[in-house]
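One-based numbering, in listed order, for ligands and for the atoms of each.
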Amino acid sequence: MSLESAIANRNRKQYLTWWILPLVVIGGWFYPLLGYLLPICMIAAMGIALFKGRYWCDWMCPRGASWDLLLSKLSLKKEVPSFFRSTPFRMLWIMILMGVLAFKLPSALASLDPINQVGLVFTMLLTVTTVVGIVLGIPIHHRIWCGFCPVGTMSNWIGKGKYALEIDSNCKECKTCHDVCPMQIRKWEYKPEKEWAAVENWDCLKCGLCIEVCPTMSLKFKEAS
Ligand code: SF4
Ligand code: SF4
């Protein structure tokens, strides 16, 4: 498959899901039941991570699809500072997520309309984090949120080693694969002296674009061998 076909194929899949993000972020304030799509997505992402790592985040995540299809058109697409993908920063966002749920859910459950109030909590969480992703995504990179998204981080941990991208010793470190990688993973840094080695960066979204663009065919997914 050519790179153009791979991108078109990926975009086609992302068109199936991106609209769910504005549906919940806007519609959830009027129809709070839509907010329940957030925990459903969270559980689905982590369930898929058990078998295929962060595969969900590539096109099944409505927010990830929106970042690629829409936000990328506004983004300056700079290199994401490593701080945004550091473990302490990721942990901070997991604690923020847990803290908001722990603080807001009890009062929502105790209200006169708990089903709608809980839905509103999820809608509020999705809205605030989406605004954070947009505010950082325009001046830096459209997928910057995916580097510290709590669900992405947990999928990273759960999916460690699953459906791993591998690199072989023929890599000539041309860095062509960097240009197409939504997560800016520096694959050549994992190049082995002999044969194949796993690219041990578990933020890989399994999009496969780097495989298509590599001039030495030095990349593949483990299951494809
Ligand atoms: S495009 Fe291929 S050869 Fe170039 S750095 Fe990436 S893996 Fe190595
Ligand atoms: S490393 Fe390759 S497969 Fe993984 S996200 Fe980057 S471009 Fe996609």
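Nearest to atom 2 (Fe) of ligand 1 among the protein's heavy atoms is C214 SG, 2.3 Å. Of all protein heavy atoms, the one lying nearest to atom 6 (Fe) of ligand 1 is C177 SG, 2.3 Å. Looking only at heavy atoms of the protein, atom 8 (Fe) of ligand 1 is closest to C171 SG, 2.3 Å. Taking atom 5 (S) of ligand 1 as the reference point, the nearest protein heavy-atom neighbour is K175 N, 3.1 Å.
The aromatic rings of W188 and H178 stand perpendicular to each other, their planes meeting at an angle above 60°, with 30° marking the opposite boundary.
For atom 1 (S) of ligand 2, the candidate residues are K187, Q184, K206, M183; the nearest heavy-atom contact is made by K187.
Of all the atoms in ligand 2, the ones that sit under 4.0 Å from a non-hydrogen atom of G208 are 3 (S), 8 (Fe). Near E173, with a cut-off below 4.0 Å to any heavy atom, the atoms of ligand 1 are 5 (S), 8 (Fe). For ligand 2, the atoms lying closer than 4.0 Å to a non-hydrogen atom of C181 are 1 (S), 5 (S), 6 (Fe), 7 (S).
Ion pairing of D58 with K52 is absent here, as no side-chain N (NZ or NE/NH1/NH2) approaches a carboxylate O to less than 4.0 Å.
Residue contact annotation: C174 places no N/O/S atom under 2.8 Å from atom 8 (Fe) of ligand 1.
If you look at L219 next to ligand 1, the close heavy atoms, those under 4.0 Å, all belong to the side chain. At a heavy-atom distance under 4.0 Å, only side-chain atoms of L165, from C-beta outward, approach ligand 2.
Residues W93 and T129 have side chains in contact (heavy-atom distance under 4.5 Å, counting atoms from C-beta outward).
Side-chain rings of F51 and Y163 stay apart, their centers remaining 6.0 Å or farther from each other.
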